[in-house]
Amino acid sequence: MEKSQSTLVISLLFVFLVSANAVYNINVVSFGANADGKTDSTQALLKAWTSACASKQSVRIYVPNGRYLTKKVTFGGPCKNNATSFQIDGTLVAPSYNVLGNTATWIMFRKVTGLSISGGTLDGQGTSYWACRKAGKSCPVGARSLSFNYGSNIVIRSLTSINSQNIHIAINNCNNVLVQGMKIVAPADSPNTDGIRVQKSTGLTIMATSIKTGDDCVSAGPGTRNLWIEGTNCGPGHGISIGSLGRDMVEDGVQNVTVKNAIFTGSDNGLRIKSWARPSKGFVKGVLYQDIIMRNVENPIIIDQHYCPRNEGCPGQESGVKISQVTYRNIQGSSATPVAVNFDCSRTNPCQGITLQTVKLTYQNNVAKSSCLNADGQTRGSVLPESCL
Ligand SMILES: *[C@@H]1O[C@H](CO)[C@@H](O)[C@H](O)[C@H]1NC(C)=O
Ligand SMILES: *[C@@H]1O[C@H](CO)[C@@H](O)[C@H](O)[C@H]1NC(C)=O
């Protein structure tokens with residue numbers, strides 16, 4: 001071969017190798033993970049992560065079938081690449097709550113940009129922890145199963161989370177997170193097992209997700225912006241909630257929330273906004289609830305601005321949180337209590353710009369009721385129960 005030809009062959013070969021290796025796969029078993037559900041695999045997972053995170057190429061970490069006992073672990077960034085992924089066929093199993101002790105997180109991703117997690121199951125083994133809580137003993141704080149702090153461009157696909165001790169998924173200080181096709185399961189009476197809890201984050205999208213749990217299906221705390229929830233089922237659970245807000249005087253607001261095509265089944269609440277009856281600079285602005293079905297839901301539509309557990313620490317008993325521009329469009333189905341629409345707003349900061357458009361909620365196949373306190377707004381189209389705005 002002539003020199004130019006061989007150079008060409010070599011460069012073609014090089015291009016081929018680089019593109020074939022565009023995603024580099026590693027298997028946690030080759031780092032010592034053991035699928036027997038008993039051997040501690042934490043260090044193996046951490047080593048796999050450290051190696052993936054240090055790579056300039058994007059790496060796919062593969063977790064094969066089987067059960068992997070995983071203790072508290074933090075996968076830290078920033079990484080040398082912006083596209084690390086986990087492909088999980090197996091189950092990560094939490095240790096008993098005694099082993100986790102007073103740590104508030106089980107699996108945590110911190111400061112990671114560009115991450116995807118596909119498939120797999122997280123088993124938080126919460127049963128004995130809830131039993132401790134119910135027995136009124138002094139128990140540890142309870143670990144959240146999966147947490148993301150200071151991350152961005154995160155995709156979670158087809159992941160299952162069962163029996164988390166505390167919150168299933170917690171998202172704090174993140175940007176641009178997509179949760180798709182997720183399944184979240186815990187008993188209706190498991191305490192504080194929120195499905196997805198977000199705060200101080202911009203751009204969370206939740207699609208085609210099913211949530212059956214003991215607390216809020218989704219809860220959006222202070223500083224949530226651009227939250228989009230579509231095609232999601234909730235119940236049992238405490239509904240899709242904005243709040244609790246306004247616990248603190250200085251608090252970030254919640255802005256631009258959309259909930260579309262959701263079905264609530266036997267849940268305590270449907271579409272809820274909740275704030276403490278305390279002074280606060282917080283706010284909720286720009287919420288659209290559209291094409292929602294309620295099946296036997298206790299409070300299908302509720303704004304509760306008088307939250308004050310045990311009546312403690314709520315001077316004046318009114319909320320400083322300003323709620324405005326909230327639209328309910330095409331909400332249908334059944335309420336499990338006579339009052340299907342309840343706007344219990346703050347006297348000092350009445351709700352403003354509430355729109356009810358095409359609503360039909362019944363109670364025991366009959367007319368339901370609306371209740372309004374300090375709520376201002378309008379109706380469009382047919383609205384049942386009759387509006388009290
Ligand atoms: C990853 O993304 C961040 C933020 O967009 C950027 O600053 C950084 O340079 C990227 N790193 C790599 C390795 O591409
Ligand atoms: C509201 O949030 C959605 C995503 O949930 C986003 O596409 C849209 O641009 C946001 N609107 C504004 C005005 O920021």
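Atoms within each ligand, like the ligands themselves, are counted from 1 in listed order. Just so you know, residue 1 is the first one in the sequence shown, and it goes up from there.
- For the pair Lys274 and Tyr307, the cation sits on the ring face: its NZ or CZ lies under 6.0 Å from the ring centre, inside 45° of the axis.
- The aromatic ring centres of Tyr328 and Phe343 sit less than 6.0 Å apart.
- For atom 9 (O) of ligand 1, the protein comes within 4.0 Å by no heavy atom at all.
- Close contacts between ligand 1 and Asn82 involve ligand atoms 1 (C), 2 (O), 3 (C), 8 (C), 10 (C), 11 (N), 12 (C), 14 (O) [criterion: under 4.0 Å to a heavy atom].
- Ring pair Phe75/Phe86: centre-to-centre distance below 6.0 Å.
- Screening Val341, Thr355, Leu356, Asp376 against Leu389 for a side chain to side chain contact (heavy atoms under 4.5 Å, CB included) leaves a single residue, Leu356.
- Between Ile211 atom CD1 and Ile206 atom CD1 the span is 6.0 Å, to the nearest 0.5 Å.
- For atom 13 (C) of ligand 1, the closest heavy atom belonging to the protein is Lys80 O, 2.9 Å.
- Distance screen at 4.0 Å: atom 2 (O) of ligand 2 has a protein heavy-atom neighbour inside the cut-off.
- The protein heavy atom nearest to atom 6 (C) of ligand 2 is Asn256 ND2, 4.2 Å.
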